[in-house]
Protein chains: 2
Amino acid sequence: MVTVHDVAARSGVSIATVSRTLREPHRVSEDTRVRVLAAVDELGYRPNRAARSLRQGRTGIIALIVPDIENPYFASMTKGAQVMCRARGYGLVVVDTTERADIEDEEVRALRSQTDGLILASSRLPDERLAEIADATPCVLVNRRLTGAAAATPSVTIDEEAAARAAVDHLYGLGHRRLAYVGGPERSWSQARRSAAMAGAARSLPGLEVVQLAGCVPTSDGGRAVAREVLATGATAVVAYNDLIALGLLAQWTETGVRVPGDVSLVGFDDTYVTGLVTPPLTSVGVDLRELGDAAVELLIDAIDGPAAGGEGGTRSIVPRLAVRASTAAPGVG
Amino acid sequence: MVTVHDVAARSGVSIATVSRTLREPHRVSEDTRVRVLAAVDELGYRPNRAARSLRQGRTGIIALIVPDIENPYFASMTKGAQVMCRARGYGLVVVDTTERADIEDEEVRALRSQTDGLILASSRLPDERLAEIADATPCVLVNRRLTGAAAATPSVTIDEEAAARAAVDHLYGLGHRRLAYVGGPERSWSQARRSAAMAGAARSLPGLEVVQLAGCVPTSDGGRAVAREVLATGATAVVAYNDLIALGLLAQWTETGVRVPGDVSLVGFDDTYVTGLVTPPLTSVGVDLRELGDAAVELLIDAIDGPAAGGEGGTRSIVPRLAVRASTAAPGVG
DNA sequence: CTGTTAGCGCATTCAA
DNA sequence: TTGAATGCGCTAACAG
């Protein structure tokens with residue numbers, strides 16, 4: 001291992017100058033700088049992160065905690081976070097909790113002191129616990145917002161109101177008057193908001209009915225399982241809690257002779273890359289997930305660098321777009 | 001931050017005893033042990049990783065370097081690695097190189113000294129560079145094997161021979177005599193082996209022809225783009241370099257009235273979770289990807305803990321299974 | 001502009 | 001079985 005001492009010896013300066021050359025180049029003279037940098041280069045010197053962390057009390061590492069890295073939603077988000085971290089000179093540790101709150105809690109406890117901050121995506125932890133965490137360490141929530149005393153906790157959320165409205169407006173505009181919303185896990189924070197947003201969007205449109213189903217497992221198999229039940233609502237168009245459920249519905253229907261969008265139109269949520277994998281490609285509403293990851297990282301770095309950023313801390317709500325593809329059409333058409 | 005000093009003070013022992021209690025519990029007396037552990041618990045003490053790393057010269061961190069975390073193949077692999085790392089007490093840093101060799105090289109350089117070892121999955125680096133890296137730091141390759149002087153570099157690979165044979169045997173058994181193989185990127189190590197394995201598998205079966213196409217972009221759009229060309233080969237069954245290409249073929253064909261498996265049977269490679277998202281579900285051949293991640297982590301930890309494990313270092317070839325689903329049938333049937 | 005020095009938190013050696 | 005002392009590599013005062 002090459003250390004500051006090696007570089008110092010090689011370039012004929014003290015270790016302090018080596019360190020200074022690297023951290024505050026403007027504070028050393030032109031020719032020492034080139035000499036030191038040359039030595040750094042020749043020796044392949046890399047500052048030891050552990051030593052630096054120990055000294056500075058900051059690690060340069062951010063932890064991103066997700067329920068399931070296999071889920072395309074979090075995979076894309078992770079990608080965004082990754083890229084942003086690289087750009088901002090931070091390292092990123094990704095932790096997959098396999099949807100388990102106990103593992104999430106344990107990981108948070110372990111990571112809290114070993115990183116500069118946490119990003120908790122779609123956390124399974126209760127509000128009170130999140131408030132504690134936010135109180136003790138820089139942290140950004142994704143798809144979650146705290147209220148009360150902890151309301152200032154930075155968070156990135158999706159404007160579910162706008163999302164639901166976009167989906168419903170689109171279907172209403174096509175002529176649909178009876179919709180079904182296939183809800184996700186009942187305890188999910190996003191589900192609660194999506195469900196409410198769907199109901200709200202419906203109320204503002206005359207003659208529109210929205211039937212809600214709840215508690216669908218948010219996977220394609222979950223969608224398959226409720227395919228028949230959804231059809232039985234008599235809806236001419238269906239909005240699903242997420243793309244995977246929508247794909248399950250689509251697969252099951254296709255296999256049983258139900259045509260999309262001929263017999264029923266279908267809209268997914270999140271607009272993940274799987275929408276393009278199927279026939280017909282799935283209309284879906286969602287944000288750019290990489291942007292979601294980006295935003296979370298930026299907010300976190302702000303929180304780390306300037307904890308005195310002033311009150312708000314920064315809660316960002318991202319407005320989604322509706323990507324219209326081939327799974328939606330006017331009722332009875334297609 | 002709670003340090004050994006706090007714990008020592010609280011339990012009335014020296015910091016050395018605290019450290020010992022945690023690392024070598026058998027070397028302290030029963031009652032000091034309980035006293036110290038109680039203090040640890042009450043104070044919520046967590047050893048500082050940076051300090052420990054600095055002292056011990058090892059970080060307890062493994063880096064997993066993948067080309068694209070959004071790719072379901074690597075997402076699943078990552079999940080496996082993650083779980084195994086947790087179980088073995090290591091931390092895992094996941095790095096996405098966005099398919100760029102230069103970023104991969106840079107990340108390797110940066111991570112080499114800050115982690116205990118590297119897992120390079122489907123590396124884009126040339127053999128010589130990989131050999132250098134393997135020489136300088138504990139490392140495990142996935143989907144890559146080195147030859148010559150560096151042949152002992154630990155690696156986990158898929159038995160492509162067996163995979164191709166399974167796919168071809170299946171189709172041959174159904175009665176297909178003219179197959180097409182849609183190859184992936186020409187410079188890919190896996191592509192070269194898959195292509196050769198397909199040709200080899202074909203030779204051993206009388207009356208079987210395999211037409212090979214090459215250079216397909218390994219995404220569903222890539223598959224869509226060559227759908228027509230593949231059909232023009234006159235093959236009654238098609239094997240694709242990966243599942244995404246297969247899904248692209250399927251989508252494009254479905255949209256143009258070509259029936260799978262009625263007009264053409266389709267087999268994917270890798271057996272990722274997307275195979276279940278479409279209609280018909282895709283027959284695919286591949287290994288359990290989580291196991292792939294598991295295996296890589298285990299091999300790496302072996303390499304770290306016992307660098308004198310004796311010659312081989314351990315190169316593991318995993319035998320894939322063929323998952324028969326609905327996208328394959330006898331020619332003219334379905 | 002540069003060098004000397006202290007100490008971050010911990011594991012470990014050496015004495016006791 | 002325990003404690004005192006050392007130093008891992010680095011950065012940030014401070015002194016020159």
Side-chain angles (χ1 to χ4, degrees), chain A residues 1-40 43-61 89 91 109-116 137 305, chain B residues 1-40 43-61 89 91 110-116 305:
Chain A
M1 158 169 280
V2 183
T3 76
V4 273
H5 290 95
D6 301 316
V7 177
R10 173 103 179 189
S11 49
V13 298
S14 72
I15 61 167
T17 301
V18 173
S19 180
R20 222 176 273 122
T21 306
L22 265 23
R23 310 264 129 267
E24 316 168 289
H26 59 281
R27 290 176 41 84
V28 299
S29 77
E30 172 70 23
D31 76 301
T32 38
R33 192 187 321 143
V34 300
R35 219 144 26 92
V36 170
L37 291 178
V40 164
L43 268 36
Y45 168 73
R46 295 264 171 181
N48 179 314
R49 266 202 141 132
R52 185 194 301 197
S53 302
L54 186 57
R55 182 61 233 253
Q56 303 196 126
R58 35 158 63 213
T59 59
I61 306 264
R109 235 178 274 276
L111 290 166
R112 203 180 71 67
S113 54
Q114 320 297 350
T115 60
D116 292 345
T137 195
D305 289 343
Chain B
M1 159 169 281
V2 183
T3 77
V4 273
H5 290 95
D6 302 315
V7 177
R10 173 105 182 189
S11 49
V13 297
S14 74
I15 61 166
T17 299
V18 174
S19 180
R20 225 178 268 121
T21 305
L22 265 23
R23 310 263 132 265
E24 317 168 288
H26 59 280
R27 288 176 43 84
V28 298
S29 76
E30 173 69 23
D31 77 299
T32 40
R33 193 185 322 142
V34 300
R35 217 142 30 90
V36 170
L37 291 178
V40 164
L43 267 38
Y45 168 73
R46 296 265 171 179
N48 179 313
R49 267 204 140 128
R52 185 192 299 196
S53 302
L54 186 56
R55 182 60 233 257
Q56 304 198 121
R58 36 160 59 215
T59 59
I61 305 265
L111 291 166
R112 203 180 70 67
S113 54
Q114 320 297 351
T115 60
D116 292 345
D305 289 343

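The sequence lines fix the lettering, A, B, ..., with proteins before strands; numbering per chain opens at 1.
Remark on DNA chain D: of its neighbouring residues A/Arg27 and B/Thr17, the 5'-side contact belongs to B/Thr17, judged by nearest-heavy-atom nucleotide.
In this structure the side chain of A/Val28 never reaches within 4.5 angstrom of the side chain of A/Val36, judged on heavy atoms. Side chains of A/Arg58 and A/Asp305 form a contact here, defined as non-hydrogen atoms less than 4.5 Å apart. Between B/Ser19 and B/Arg55, the closest side-chain pair of non-hydrogen atoms is not below 4.5 Å. The shortest side-chain heavy-atom distance between B/Thr3 and B/Asn48 does not fall under the 4.5 Å cut-off.
For D/dT2, one of the phosphate oxygens OP1 or OP2 lies less than 4.0 angstrom from a side-chain nitrogen or oxygen of B/Thr32. In this structure, B/Ser14 does not reach the D/dT2 phosphate: none of its side-chain N or O atoms is under 4.0 Å from OP1 or OP2.
When the options B/Ile15, B/Thr17, B/Thr21, B/Val40 are evaluated for a side-chain contact (heavy atoms from CB on, under 4.5 Å) with B/Val7, the one that passes is B/Val40.
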### Derivation and outcome, side-chain contact (heavy atoms from CB on, under 4.5 Å), residues A/Glu30 and A/Arg33
CA-CA 5 Å; A/Glu30 172 70 23; A/Arg33 192 187 321 143; 3.4 Å; yes
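If you take CZ of B/Arg33 and C1' of D/dT1, they are 12 Å apart, rounded to a whole angstrom.
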Show each protein N/O and nucleotides 7-11 of chain C N/O combination with a separation under 3.5 Å, one pair to a line.
residue: C/dG7; atom: N2; partner: A/Arg55; partner atom: NE; Å: 3.4
residue: C/dG7; atom: N2; partner: A/Arg55; partner atom: NH1; Å: 3.3
residue: C/dC8; atom: O2; partner: A/Arg55; partner atom: N; Å: 3.4
residue: C/dG9; atom: N2; partner: B/Ala51; partner atom: O; Å: 3.3
residue: C/dC10; atom: OP1; partner: B/Tyr45; partner atom: OH; Å: 2.5
residue: C/dC10; atom: OP1; partner: B/Asn48; partner atom: N; Å: 3.1
residue: C/dC10; atom: OP2; partner: B/Val4; partner atom: N; Å: 2.6
residue: C/dA11; atom: OP1; partner: B/Arg23; partner atom: NE; Å: 2.6
residue: C/dA11; atom: OP1; partner: B/Arg52; partner atom: NE; Å: 3.3
residue: C/dA11; atom: OP2; partner: B/Ser19; partner atom: OG; Å: 2.8
residue: C/dA11; atom: N3; partner: B/Arg55; partner atom: NH1; Å: 2.0

